Amino acid sequence: MAAPWLSLRLVARMWNGTRGIHRLGGAVVPEGNQKKERTMLQFLTNHFYDVEALRGYLLQREMSKVHMKNRFRDKEWIRPDKYGHFSPEFWNFQEVPVEAVDASDCEINYEGLDNLRECVLLKELQSLLLQRCPHVDDWCLSRLYPLADSLQELSLAGCPRVSERGLACLHHLQNLRRLDISDLPAVSNPGLTQILVEEMLPNCKVVGVDWAEGLKLGPEEQPQDTASPVLA
Amino acid sequence: VAHTGRTVGRLGEGDWDGKVSEIKKKIKSILPGTSCDLLPDTSHLPPEHSDVVIVGGGVLGLSVAYWLKKLESRRGGIRVLVVERDHTYSQASTGLSVGGICQQFSLPENIQLSLFSASFLRNINEYLAVTNAPPLDLQFNPSGYLLLASEKDAAAMESNVKVQKQEGAKVCLMSPDQLRNKFPWINTEGVALASYGMENEGWFDPWCLLQGLRQKVESMGVFFCQGEVTRFVSSSQRMLTTDDEMVILKRIHEVHVKMDHSLEYQPVECAIVINAAGAWSAQIAALAGIGKGPPGTLQGTKLPVEPRKRDVYVWHCPQGPGLETPLVADTSGAYFRREGLGSNYLGGRSPTEEEEPDPTNLEVDHDFFQEKVWPHLALRVPAFETLKVQTAWAGYYDYNTFDQNGVVGPHPLVVNMYFATGFSGHGLQQAPGVGRAVAEMILQGSFQTIDLSSFLFNRFYLGEKTQENTTM
């Protein structure tokens, strides 16, 4: 029972957080009451097994409700079984175009991306998630241009080798509507990069860095943007 | 004879005590436990024997050294010495280069060389890994090259792009409308066609490549020496050709390397000499006797490589083109690219034959920018009408006056001198491929991966030009 309990706590906290920041009009619930209710529930759950079990059961019901809505052509999603094998009915769907690829945390590299984009079925790829991929770097980003006609969402959050030089190749993807470039350690100036990427892709919502972050730094930490490393 | 307290040696020589202490020091240095100071210190001199001597320690020389060591069949089988005159590389073309790499050539050999270099740079940390050294960050910008062609060059550009696509380069043609769509800051007046490289093209930091090569090559056991090659000692042999003509074949068997700021020199006995001296290759070739003969003969054919000065200017333009800007090469020969995130750009223009500046020094000509570069830039990119030059520098092209392409391979008469020079401005981007080709030629007798037979020295005598028809 430990797992559902933990996830419940996380879900509760995040939900609270987003309600707090993105309160764009609508009914404004006084936050104080919300908080009191949450902590009361937390307190009860900590002390009574029954309350904990009830919460777990309610969470399972919520999850199955979401799964019912989120079905693949009115059938359950095809998942690997306990041996990691997929059922053979997967082959019945060979002509179905792929809409989204989630390759997060995968060891995909430059040569692998070639397969990803040359595959005939990926002409309608709308969403590509490459979060936290350790081998995705600037050279790999220069390979994404064939997906320009269809790609609408791209996420590169947390990739350790992507820098602002690779982000410059994303301007081919003019149909992009959502780009996530948060948490890129190799980018030298996240705030300035965000501004330049937003200028480059005017129809796209670029998520990830609060550009005002750069302005909060003190004068001694201002980014050097006029001096260039001249090799003379 | 007046007596003083001190003993005086015969003939009034200097003090006896000083001499005794010197002799004591010498005896002590022979005994074990201390360093022997009897023999003169030669650690700054190159070794007395070396299988291969590479004249010139820039990116081409180091690339040849790297591939020689990588392709040798037995570890430690070949001893390589790199002689570089200036260890600060203050005038070397490598460090002063703009650092671009592109596949938009018309000759298939050039395209293949560039493609190989791109894959070399992409996997640089596998090629140039040194234990305990941090990985190299080349700062590669994969933004591509955009070449613009006027009406008269459009047909040539189309056929070139066809060849490039055949060789595997990812290049596409763009019409003026497509150009305006993609890059709204371009003024397409006078542009009939453009070719845009989508992958494996861009620019990078040449210093990083140089340092990476240097580190790796030292770890592989290549010897370095800071000195100048002043003389080649060679032996000649008379041979008869099939037409019973007499030909004198020379073989260099000693290289005299002179140390900096002294007359001291070291004769290095060698089997093969590689001329990778860049802008100064012609002097090295002349030392070996190449070109000393009646003009019109093979003996009289000089190496047609000379230094040509090129200026690069850095300017700041706050309203300039954005992050997506490729390296743009205009119809007029002017080029520019972005530098960093802060609205800085760098670029320049190749002067015409009449405008060629004096190559004796590397002083920047700022008037050239005002009169010959800025007007073309401002015409092509209207945002560049307001710009402010921040800094500038100049560097040499090892310019091949015959056909502006490299010279690779052995000389027909001086049989053990190999060339790897004369690339006229694209040496940096072709260095990995050329280094490998020269190493294959030396170790295996012929070009194995990329066939550079059209870059051999013979073509200068035979008059066959291997020339590009692009504006690069």
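Predicted model, so just to flag it, every value in this text is computed and none were measured. In what follows, chains carry the letters A, B, and so on, assigned in the order in which the sequence lines appear, proteins first and then strands, with residues in each chain numbered from 1.
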Query - Beyond-backbone contact of B:Lys182 with A:Gln174, side-chain heavy atoms, under 4.5 angstrom - result: no
Report summary line: Answer key: most heavy-atom pairs under 4.5 Å with chain A among B:Gly322, B:Gly144, B:Ala118 is B:Ala118
Query raised in the report: Which pair of heavy atoms, one from A:Glu164 and one from B:Leu323, lies closest together, and at what distance?
Result: O-CD2, 4.4 Å
Query - Interchain contact, B:Leu362 with chain A, by part (heavy-atom threshold 4.5 Å) - result: neither
Requested in this report: Provide the closest heavy-atom pair for A:Leu196 versus B:Arg338 in the form atom of the first, atom of the second, distance.
Outcome: CD1-NH2, 4.1 Å
Requested in this report: Determine the minimum heavy-atom distance between B:Pro142 and A:Arg165, stating which atoms define it.
Outcome: CD-O, 3.4 Å
Query raised in the report: B:Tyr196 versus chain A, heavy atoms under 4.5 Å apart: side chain, backbone, both or neither?
Result: side chain
Report task. Report the distance from atom CE of B:Met198 to atom CG of A:Leu144, rounding to the nearest 0.5 Å. Result -> 11.5 Å
Query raised in the report: How many angstroms lie between atom CG of A:Asn189 and atom CG of B:Leu341, to the nearest 0.5 angstrom?
Result: 6.0 Å
Requested in this report: Find out whether A:His171 and B:Phe183 are in side-chain contact, i.e. whether some heavy atom of one side chain is under 4.5 Å from a heavy atom of the other.
Outcome: yes
**Report entry** Evaluation steps, side chain to side chain contact (heavy atoms under 4.5 Å, CB included), between B:Asn123 and A:Tyr110
**Finding:** CA-CA 10 Å; B:Asn123 298 314; A:Tyr110 182 81; over 6 Å; no
**Report entry** Flag if over 12 foreign heavy atoms under 6.0 Å of CD, B:Gln178
**Finding:** yes
**Report entry** Side chain / backbone / both / neither for B:Glu201 at chain A, heavy atoms under 4.5 Å
**Finding:** neither
